[in-house]
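Worth knowing before you read on, the calculation uses all heavy atoms, side chains too, and leaves out hydrogens, waters and symmetry mates.
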Protein chains: 2
Amino acid sequence: MVTMSDVAREAGVSMMTVSNVLNGHRRVVPPTRDRVLTAIEKLGYEVNLTARHLRSGRTDTVALIVPGFHDYYGDVADRIAPLVEEGGRRLVLERTGASPRSEIESLSVARLQMYDGVLLSVAGLDRERLESVRTKAPIVLLGEREVPQRFDHVQLANEEGARLATAHMLARGSRRVLVLGGAPGETSGMASLRRAGWETAHREAGVPADSALVVPLTTYSAHESREVLGGLLDAGVHVDGIFAVTDTVALGALAALADRGIGVPDDVQVVGFDDLDVGKYLSPGLTTIDPNHDEVARSAVRLLDRRMAGGDDPPEHVVVPVRLVVRGSTRA
Amino acid sequence: MVTMSDVAREAGVSMMTVSNVLNGHRRVVPPTRDRVLTAIEKLGYEVNLTARHLRSGRTDTVALIVPGFHDYYGDVADRIAPLVEEGGRRLVLERTGASPRSEIESLSVARLQMYDGVLLSVAGLDRERLESVRTKAPIVLLGEREVPQRFDHVQLANEEGARLATAHMLARGSRRVLVLGGAPGETSGMASLRRAGWETAHREAGVPADSALVVPLTTYSAHESREVLGGLLDAGVHVDGIFAVTDTVALGALAALADRGIGVPDDVQVVGFDDLDVGKYLSPGLTTIDPNHDEVARSAVRLLDRRMAGGDDPPEHVVVPVRLVVRGSTRA
DNA sequence: CTGTTAGCGCATTCAC
DNA sequence: GTGAATGCGCTAACAG
């Protein structure tokens, strides 16, 4: 391995001069600079980032830690990456994985040290686990769970999105709108917030909200959704609208309806949440809530940049506005 | 920050004993061991992974480098992660991004140093760029592009999958099977290999393959697929089967057909490639090729483990078998 | 089984 | 504008 001192010897300068040429912290006069650059080129030298990290304390790396790689954070991650790169850093993804052990490991001081800052998706983490994160390292939380006040946090306007979705169907004639994946009771967490928006829409429209139409899910998978909704339909539950708390849930719901020959949107209107790409290509297209990933990415990076710059402003809790995207699964 | 020497002092032992307790390289007698563990607990010590890396040369980290986070590699990544963890390492994802600059940076010696091994998805990289990767670090290439012989490589049985897909439609009566996203000419690269399989199926079935039915795409997006196929249909091209080179392309094709009221599978049969989850929930379900991600993950990690263990076996080029998954978009 | 020595490659600090 | 010394925190190699 060719090191900085090899380059220094080749160029006839000290290591410090090489270092300065590389990171530009101090001015180096052009002729010296050129000699160094020539030597670097000739020897094929590249800095050892690990040594730089140990010495300087900076890693120039930001981590986005997600529950799993396949989930919807991939889309957000692609929007976060260029913003992080603008700040001269790179983004890496880690996953917490399924086991509590690996989850805790992802959040250990040792691992957090590897990064200048961490964006942590809280989808898979309970509050207790978050409370136990002991570090003053820059962290911004992302996601729809309730989080400790002391963290910066970016989440969606869950309740507002659910209200928009439900009001849209009520305004188009639905009177029995099922909220698929909605949690009864409570007022925090994605499922509860979205159920609350469903209630608000009913109240505003003067339509009674039947609590029998709040149908919880455990995995929020399309598979579970299809099974659970199918069971209800087969049991004769009367439904003329479905607010699925995610597009994935909506996908399962559409399959359950199609399995039974129930027409969308004529018999039952359907609205999802997330604006997955697939929704555009279904027939009919899926009406949904656009979660505004660009704005999520911008907010998250803005908050993290502030922390990484050493800002000690009070924690900020950003709620990103969302909007309704109307397609064919609801009536004109 | 509490360091190893703090722990050593607290426990009344040398740093080496602390180090040995932590990494288990040498036996430490239980009473000593307990004193060390108690001191670690008391002080809340955690190793500095950067220092360990600089000293030992190991990072205990494997990187999976992909063109973008949102694409289909998320699914493979989730299967690779546990296998990497079994080997006592963690997996991180990086993306090459769009710009050639960041792509080259991802492959720089400096960055590759950060990892014990690298799994590199070649989807976004041309051969020239790969040739220029100068390092003897453990690397395994993943994906359907042609790659230099000197690398280990895992790819799908593209041609066989395409043959299965096309033969399935020909056997069920299609005589004008369009290959959407197939590249004319050549015999390397995903699109060409899949077109070759389409040709093979025709030859085996004794059906002439009309080269006018080879329709190239540039982005392989659902959007492009919908537009391109729509244009052909509107121009009156006669088609009674579509082999879409990816499920995403199939999604766009299904939308183009639905836009025009063309029935699937009665008027046109459709087969995709990738077995994306969404295919199960469409109506009708999408017949497709299961790319066997489990086997891709296993092969990739096996090859990488061998390189990381210092094996100097000749480069291995694994072709992972695929299978046809029959759903409603083709006839019974 | 445990300790001592040395140094991984770089950037901070202080000198000139 | 450039150089010399020092040490970030850890572990390999060698003693004992």
**Student:** Starting from P on C:dC1, measure out to CZ on B:R27 and report it in whole angstrom.
**Tutor:**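 Distance check: B:R27 CZ to C:dC1 P gives 6 Å.
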**Student:** Whole angstrom is fine here: how far is it from CZ in A:R35 over to C1' in D:dG1?
**Tutor:**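 Result: 13 Å.
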**Student:** Return the value, rounded to whole Å, for the distance between atom CG of B:L54 and atom C1' of C:dC10.
**Tutor:**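 B:L54 atom CG is separated from C:dC10 atom C1' by 8 Å.
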**Student:** So, OP1 or OP2 of C:dC10: does either fall under 4.0 Å of a side-chain N or O from A:S19?
**Tutor:**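 Negative; the distance criterion is not met.
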**Student:** Using atom CG of B:N20 as one end and atom C1' of C:dG3 as the other, report the distance to the nearest whole Å.
**Tutor:**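 The distance from CG of B:N20 to C1' of C:dG3 comes to 10 Å, rounded to the nearest Å.
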**Student:** Has B:H25 got a side-chain N or O lying under 4.0 Å from the OP1 or OP2 atom of D:dT11?
**Tutor:**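 The answer is no; no side-chain N or O of B:H25 sits under 4.0 Å from OP1 or OP2.
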**Student:** Quick test of your reading of the model: are B:D294 and B:R298 salt-bridged, counting only N-O distances below 4.0 Å?
**Tutor:**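 Looking at B:D294 and B:R298, the cut-off is not met.
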**Student:** NA contact type, B:M1, heavy-atom cut-off 4.0 Å: base, sugar-phosphate, or nothing?
**Tutor:**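 The answer is sugar-phosphate, as B:M1 gets under 4.0 Å only of primed atoms, P, OP1 or OP2.
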**Student:** Can you identify which nucleotide, out of C:dC10, D:dG1, C:dC8, has its nearest atom closest to the A:T3 side chain?
**Tutor:**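 Between C:dC10, D:dG1, C:dC8, the one nearest the side chain of A:T3 would be C:dC10.
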**Student:** Looking at the side chain of B:R55, which of D:dG3, D:dC8, D:dG9 is the nearest nucleotide?
**Tutor:**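 Nearest to the side chain of B:R55 among the choices is D:dG9.
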**Student:** Residues of residues 37-53 of chain A with any non-hydrogen atom less than 4.0 angstrom from an atom of DNA chain C: list those, numerically ordered, please.
**Tutor:**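 Those residues are A:Y45, A:V47, A:N48, A:A51, A:R52.
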**Student:** Whole angstrom is fine here: how far is it from CZ in A:R58 over to P in D:dC8?
**Tutor:**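 For the pair A:R58 CZ and D:dC8 P, the rounded distance is 18 Å.
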**Student:** For B:M16, which contact category applies under a 4.0 Å heavy-atom criterion: base, sugar-phosphate, or nothing?
**Tutor:**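 Touches a base.
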**Student:** Hey, does A:H317 have a side-chain heavy atom less than 4.5 Å from the side chain of A:V147?
**Tutor:**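 Contact flag for A:V147/A:H317 side chains = yes.
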**Student:** Both B:V13 and A:S5 contact DNA chain C. Which one's nearest nucleotide lies toward the 5' end?
**Tutor:**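 Upstream on the strand: B:V13.
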**Student:** Is A:E144 close to A:L193 at the side-chain level, that is, under 4.5 Å between some pair of heavy atoms?
**Tutor:**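 They are not in side-chain contact.
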**Student:** How many Å lie between CE on A:M15 and P on C:dT13, as a whole number?
**Tutor:**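 Answer to the nearest Å: 16 Å.
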**Student:** Within the structure provided, determine whether A:N48 and B:Q113 are in side-chain contact (heavy-atom separation under 4.5 Å).
**Tutor:**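 Yes - at least one pair of side-chain heavy atoms lies under 4.5 Å apart.
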**Student:** Roughly how many Å is it from CD in B:Q113 to P in C:dC10, rounded to a whole number?
**Tutor:**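 Going from B:Q113 (CD) to C:dC10 (P), I get 8 Å.
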**Student:** Rounded to the nearest 0.5 Å, what separates atom OH in B:Y115 from atom OG1 in B:T59?
**Tutor:**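 So the OH of B:Y115 and the OG1 of B:T59 are separated by 8.5 Å.
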**Student:** Can you measure A:M114 atom CE to D:dG9 atom C1' for me and round it to whole angstrom units?
**Tutor:**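 So the CE-C1' distance, A:M114 to D:dG9, works out to 13 Å.
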**Student:** Reckon B:S14 has a side-chain N or O less than 4.0 Å from the OP1 or OP2 of C:dT4?
**Tutor:**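 No, B:S14 has no side-chain N/O under 4.0 Å of OP1/OP2 on C:dT4.
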**Student:** Could you tell me whether the side chain of B:I65 reaches within less than 4.5 Å of the side chain of B:R111, counting heavy atoms only?
**Tutor:**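 In short, these two side chains do not touch, never coming nearer than 4.5 Å.
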**Student:** Would B:L22 and B:I40 count as a side chain to side chain contact (heavy atoms under 4.5 Å, CB included) if you check the C-alpha gap in whole Å, the side-chain angles of each, and the deciding distance to 0.1 Å?
**Tutor:** CA-CA 10 Å; B:L22 285 174; B:I40 286 173; 3.9 Å; yes
